[in-house]
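In what follows, a structure is listed as structure tokens, so that the remarks can point back to it.
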There are 2 protein chains.
Amino acid sequence: MKAMAKAEIPSPEELMKIDNFLCFAIYSANHAFTRVYKPLLDDLDLTYPQYLVMVVLWEKDDQTVGSLGDKLFLESSTLTPMLKRLEAMGYISRVRDRADERQVRVRLTETGRALKEKAGTVPCGIIEATGMEPAQIGRLKEEIAALRASLLR
Amino acid sequence: MKAMAKAEIPSPEELMKIDNFLCFAIYSANHAFTRVYKPLLDDLDLTYPQYLVMVVLWEKDDQTVGSLGDKLFLESSTLTPMLKRLEAMGYISRVRDRADERQVRVRLTETGRALKEKAGTVPCGIIEATGMEPAQIGRLKEEIAALRASLLR
DNA sequence: CCACAGTAAATCGTTCGCGATATAATCGCA
DNA sequence: TGCGATTATATCGCGAACGATTTACTGTGG
């Protein structure tokens, strides 16, 4: 056996190996998720980031761009073009708020709302691909969310 | 208290909430890492993905595009433009292999090699930003690497 | 009432990331 | 030998993602 799993301080050499990078594990796992999602989302004509936007809207309809950005940790410079594509596909509408014309209200269309049913099987497919138990998934998710909070602090 | 943390099967409703998505935790943590890296890498004139390429080369110089892609889980369509930028910056050279002209050998320049010293403090800055202990980081990294393996299976 | 600070989206330019495809070199085998 | 299959990289088009900036609206103090 090669590592005694003592609480040793990692040497600078070890610190510089890509396979010891937590960030790289996350970076590459993120790409892996994207690839797993691809075939599942092709049916819905959604990309993975677009799907995340739809999930947020299915959870709560009629949100501003800013509110979506807060939940997804994305900037308006990312969201605006994405939302325009979703609008062009007929899944959402984008309308200036009458009361505050600075804001744009993003709403599901009937088609967009209906898509939720069709997407119902997607999470199962993903869970299966992880090869993990729901409880384990939940635990890992919490740890990573906590990490994210630290990083954004 | 709202959740008894029993090993219940999550309801379809719960499954469709973005904050319960493991993939979203990873997606957003990845963006968070990118933002933390930005100021640390600005000194080196590297983007975060470029930095990862350099790390792999510092670990082992003189690799083919394919070998880099295997280690970073990236396609040539992603790497080729990135490597051209690193070459234009003077950090690497790209030369066709004499023995097998299909391959391109990527090598560090003197400048590129020297950059490793300057980058020495980066991992510490990142570890600090995670707010985690090295052992904890290692454990989490392993879990996510295992997840990645499952997803790519 | 109005200049001005603040806020919300949109726009622009750059870099990543991929799939599909193209190009070019090598390999296998008849 | 030579030709079809395979392999390695490059190219292209598209969709994220961001920082910096712009545009347009709101809200406030004088």
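In this text the structure is predicted, and so the values were computed from the model without any measurement. We name chains A, B, ... by the order of the sequence lines, and we start the count at 1 in each one.
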Can you tell me how far [atom2] of [N] sits from [atom1] of [X], to the nearest Å?
X        : N      : atom1 : atom2 : answer
B:Glu101 : D:dA10 : CD    : C1'   : 15 Å
A:Gln103 : D:dA24 : CD    : P     : 18 Å
B:Met89  : C:dT14 : CE    : P     : 15 Å
A:Phe24  : C:dG17 : CZ    : P     : 10 Å
A:Asp45  : D:dG15 : CG    : P     : 12 Å
B:Phe33  : C:dC16 : CZ    : C1'   : 18 Å
B:His31  : D:dG19 : NE2   : P     : 11 Å
B:Asp42  : C:dT15 : CG    : C1'   : 14 Å

task: Please test A:Val104 against A:Asp97 for side chain to side chain contact (heavy atoms under 4.5 Å, CB included), starting from the C-alpha separation and ending with a verdict.
output: CA-CA 6 Å; A:Val104 167; A:Asp97 191 308; over 6 Å; no
May I ask you to evaluate whether [X] reaches the phosphate of [N], defined as a side-chain N or O under 4.0 Å from OP1 or OP2?
X       : N      : result
A:Arg94 : C:dA10 : yes
B:Lys84 : C:dC16 : no
B:Tyr27 : D:dA16 : no

In Å, rounded to the nearest 0.5 Å, how long is the span from [atom1] of [X] to [atom2] of [Y]?
X        : Y        : atom1 : atom2 : answer
B:Leu46  : B:Lys118 : CG    : NZ    : 9.5 Å
A:Phe33  : B:Leu147 : CZ    : CG    : 5.0 Å
B:Lys116 : B:Met54  : NZ    : CE    : 10.5 Å
B:Asn30  : B:Phe24  : CG    : CZ    : 12.0 Å

Taking 4.0 angstrom as the limit, do [X] and [Y] come out as a salt bridge?
X        : Y        : value
A:Arg113 : A:Asp61  : yes
B:Arg96  : B:Glu101 : no
A:Glu14  : A:Lys17  : yes
B:Arg139 : A:Glu143 : yes

Got more than 12 heavy atoms from elsewhere within 6.0 Å of CD, A:Glu128?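 No, CD of A:Glu128 has 12 or fewer neighbouring heavy atoms, counting only those of other groups under 6.0 Å.
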Exercise. Answer yes or no: side-chain N or O of B:Arg102 and base N or O of D:dT7 forming a donor-acceptor pair under 3.5 Å.
Key: yes
Result for 5'-nearest mapping on DNA chain D, choosing between A:Thr47 and A:Ala99, is A:Thr47
Which is more 5' along DNA chain D, the nucleotide nearest B:Arg96 or the one nearest A:Gln50? Just name the residue.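 Between the two, 5'-proximity favours B:Arg96.
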Under 3.5 Å, which protein N or O atoms sit close to an N or O of nucleotides 3-5 of chain C? Give each pair with its distance.
none

Checklist entry - Strictly by modelled atom types, are A:Arg148 and B:Ser28 linked by a side-chain donor-acceptor pair under 3.5 Å? => result yes
Looking at [options], which one has an atom nearest to any side-chain atom of [X]?
X        : options               : result
A:Val104 : D:dT9, C:dA10, D:dT26 : C:dA10
B:Lys38  : C:dA9, C:dG17, D:dG19 : D:dG19
A:Asp100 : D:dC18, D:dC25, D:dT9 : D:dC25

Per the under-4.0 Å heavy-atom filter, residues of residues 68-80 of chain A near DNA chain C come out as A:Ser76, A:Ser77, A:Thr80
The correct set of residues in residues 51-62 of chain B placing a heavy atom under 4.0 Å from DNA chain D is none
| said: For a quick test of reading the model, state the closest non-hydrogen atom pair linking A:Leu72 to B:Ile18 and the distance between them. | reply: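 Minimum heavy-atom contact is CD2-CD1, 4.2 Å.
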Classify the ring geometry between A:Tyr37 and A:Tyr48 as parallel (under 30°), tilted (30 to 60°) or perpendicular (over 60°).
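Rings of A:Tyr37 and A:Tyr48: parallel, under 30°.
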By nearest-nucleotide position on DNA chain C, the 5'-leaning member of B:Pro81 and A:Thr64 is A:Thr64
